[in-house]
Trainee: 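The structure's right below; bear with me while I get my questions together.
Here is the naming used below: chain letters follow the sequence lines, and residue numbers restart at 1 for every chain. Values below: all heavy atoms of this structure, side chains included; hydrogens, waters and symmetry mates excluded. The shown structure was predicted, so the numbers you read here are calculated from the model rather than taken from an experiment.
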2 protein chains.
Amino acid sequence: MSSSVVTEQVSLAVSTVVFALRPHPRTGETTLWLPLVRRIREPYEGRWALPGGPLKAHQDLAASARETLADTTGLEPAHLEQLYSFGAVDRSPADRVVSIVYWALVRPDEDARTTETPNVEWFVADEVPQLAFDHNEIVRHALDRLRAKITYSPIALAFVPDEFTLAELRGVHEAVLGRCLDPANFRRQVLAGGTVEPTGTHLTGTSHRPPALYRAAPREQEKSR
Amino acid sequence: MSSSVVTEQVSLAVSTVVFALRPHPRTGETTLWLPLVRRIREPYEGRWALPGGPLKAHQDLAASARETLADTTGLEPAHLEQLYSFGAVDRSPADRVVSIVYWALVRPDEDARTTETPNVEWFVADEVPQLAFDHNEIVRHALDRLRAKITYSPIALAFVPDEFTLAELRGVHEAVLGRCLDPANFRRQVLAGGTVEPTGTHLTGTSHRPPALYRAAPREQEKSR
DNA sequence: ACAAAAGTGTTCGACCTACACCCATGG
DNA sequence: CCATGGGTGTAGGTCGAACACTTTTGT
């Protein structure tokens, strides 16, 4: 309509990179997956893109991320965090869109309840197709951040049920990082970090020695001194 | 005019926390300063606020940060990096503003050329007054990020002239972190990092042993293997 | 010669890595 | 009793903090 206006409007969107752990279709190893949404409008009609939408005036940024997440996948994230804001002038043809991008982790039990719809599909995170806009770059950023942060922060707990064994937690780290970790050293690091505490119970029914169960330790942000 | 419209527009601004090093007015120790702009309109008329402005449709995010920086202080940053995006619904009374915030470092020589205007004033970073909007919180975030990042990244080079002594560079670290560092250990860490290289010359005219001069090493982003 | 900063060497402890070894259970 | 993963112990290497010590200049 008014394409001759000098100062065109900048529109603001919130998108989210959602990670979940599922077995790889070929190898069977648990790996990172993420949901993508098929675009039903130009530009990039038919291409896969990150779930997201325009920011509503009454909504906080994180709330917007949660909402599109619920709308597209029906999931509630166990962890949600702002990643970066992308605003290159030419990242969307014709119009100008600035995207504030969040990244999220969902628990496996939550993951199982995901809604199946034809326009939403899950992909192995390292094997996403060519996406709309600059979304491939965004996924790469999110993967880098996740892999960096899991080494110095207890976010892996967001990938694990309320009670878990250290082997499970190690499996999460191994799946995210894509390499094996020494069980003995992993145990010591985690326990020294104080982010988990034993429940006192053990997991039975395993084929061998019953492992101890742990839960997330209550956040103690007291400064000793 | 149309305040009854259901979906009000969200406006998008880019602001910047600019850091420079100057001597403290009382102690004389070099500390962090930052420029603030006095608001000449409601809301928060008369209060100090971060330099910034609305994002223009033809401008990248970082370019917008650079522009408002040049307009308000006349400075060019030696380092510019996105900090975070702030979008709480109530962060601005009446209207809805999302701010994408950058942080910047300026060299001392650049700093000296700063333009003096009545509506721009520099403050000691740890002694800023009560600011407009959520800008105190933003300044705190920026300070945290700067202090964290200087320990694992060579950004301190952005605070130092082309040729410098290791004592100068150490002074930058000490000013930012607010504590003394061991000269011997600092030297080894910096040299092991490979981010600086000796010019071969020494600084003369000091009252004692002439220190070697260094410059920033050319960025070698080659992957060995 | 002396003060003071530049620069080198050394020791200590924390932590990470690798790997040997014992423990407990289901088959 | 044996295979297998759970869990503990330990030796070697890296790295940073602390600090003694040598070097080099101006005064």
Trainee: In whole angstrom, give the distance that lies between atom CG of A:Asn185 and atom P of D:dG13.
Mentor: 16 Å
Trainee: Nearest-Å distance, NE2 (B:His173) to C1' (D:dA17)?
Mentor: 17 Å
Trainee: How about CD on B:Glu76, more than 12 heavy atoms from neighbouring residues, nucleotides or ligands closer than 6.0 Å, or not?
Mentor: no
Trainee: Can you confirm whether B:Asn185 is buried at CG, in the sense that more than 12 heavy atoms of other residues, nucleotides or ligands lie under 6.0 Å from that atom?
Mentor: yes
Trainee: For C:dA6, does the base pair up with any side-chain atom of B:Arg209 as donor and acceptor (N or O, under 3.5 Å, distance only)?
Mentor: yes
Trainee: Separation of A:Arg188 atom CZ from C:dC16 atom P, in whole Å?
Mentor: 10 Å
Trainee: Is the CD atom of B:Gln130 crowded by more than 12 outside heavy atoms at less than 6.0 Å?
Mentor: no
Trainee: If you check every side-chain atom of A:Ala212, which of D:dT25, D:dG7, D:dC19 has the closest atom?
Mentor: D:dG7
Trainee: What residues form a side-chain contact (heavy atoms from CB on, under 4.5 Å) with A:Ser64, not counting sequence neighbours?
Mentor: A:Val14, A:Leu55, A:Gln59
Trainee: Counting only heavy atoms not in A:Asp162 (residues, nucleotides, ligands), do more than 12 fall under 6.0 Å from its CG?
Mentor: no
Trainee: Whole-Å distance between C:dA5 P and B:His208 NE2?
Mentor: 6 Å
Trainee: Quick one: B:Phe186 CZ to C:dA5 P, roughly how many Å, whole number?
Mentor: 17 Å
Trainee: Kindly state each residue pair satisfying ring pair (Phe, Tyr, Trp, His ring centres under 6.0 Å) with at least one member in residues 165-218 of chain A, sequence neighbours excluded.
Mentor: A:His173-A:Phe186
Trainee: Given atom CG of A:Asp182 and atom P of C:dT17, what is their separation to the nearest angstrom?
Mentor: 9 Å
Trainee: Please determine whether a side-chain nitrogen or oxygen atom of A:Arg170 lies at a distance below 4.0 Å from atom OP1 or OP2 of D:dG6.
Mentor: yes
Trainee: From C:dA6, C:dT8, D:dG6, pick the nucleotide closest to the side chain of B:Ala184?
Mentor: C:dT8
Trainee: Report which part of the nucleic acid A:Thr206 touches: base, sugar-phosphate, or nothing (heavy-atom distance under 4.0 Å, all strands).
Mentor: sugar-phosphate
Trainee: Please round to 10 degrees the angle between the axis of the first five pairs and the axis of the last five pairs in the helix from C:dA1-D:dT27 to C:dG27-D:dC1.
Mentor: 10°
Trainee: With respect to the phosphate group of D:dG7, does any side-chain polar atom (N or O) of A:Arg187 fall under 4.0 Å of OP1 or OP2?
Mentor: yes
Trainee: Expressed in angstrom and rounded to an integer, what is the separation of A:His202 atom NE2 from C:dG26 atom C1'?
Mentor: 17 Å
Trainee: Nearest whole angstrom, please: distance from the P of C:dC16 to the CG of A:Leu191.
Mentor: 13 Å
Trainee: Out of D:dG6, D:dA17, C:dA24, which has the shortest distance to the side chain of A:Pro210?
Mentor: C:dA24
Trainee: For the residue pair B:His79 and B:Trp103, is the inter-centroid distance of their aromatic rings smaller than 6.0 Å?
Mentor: yes
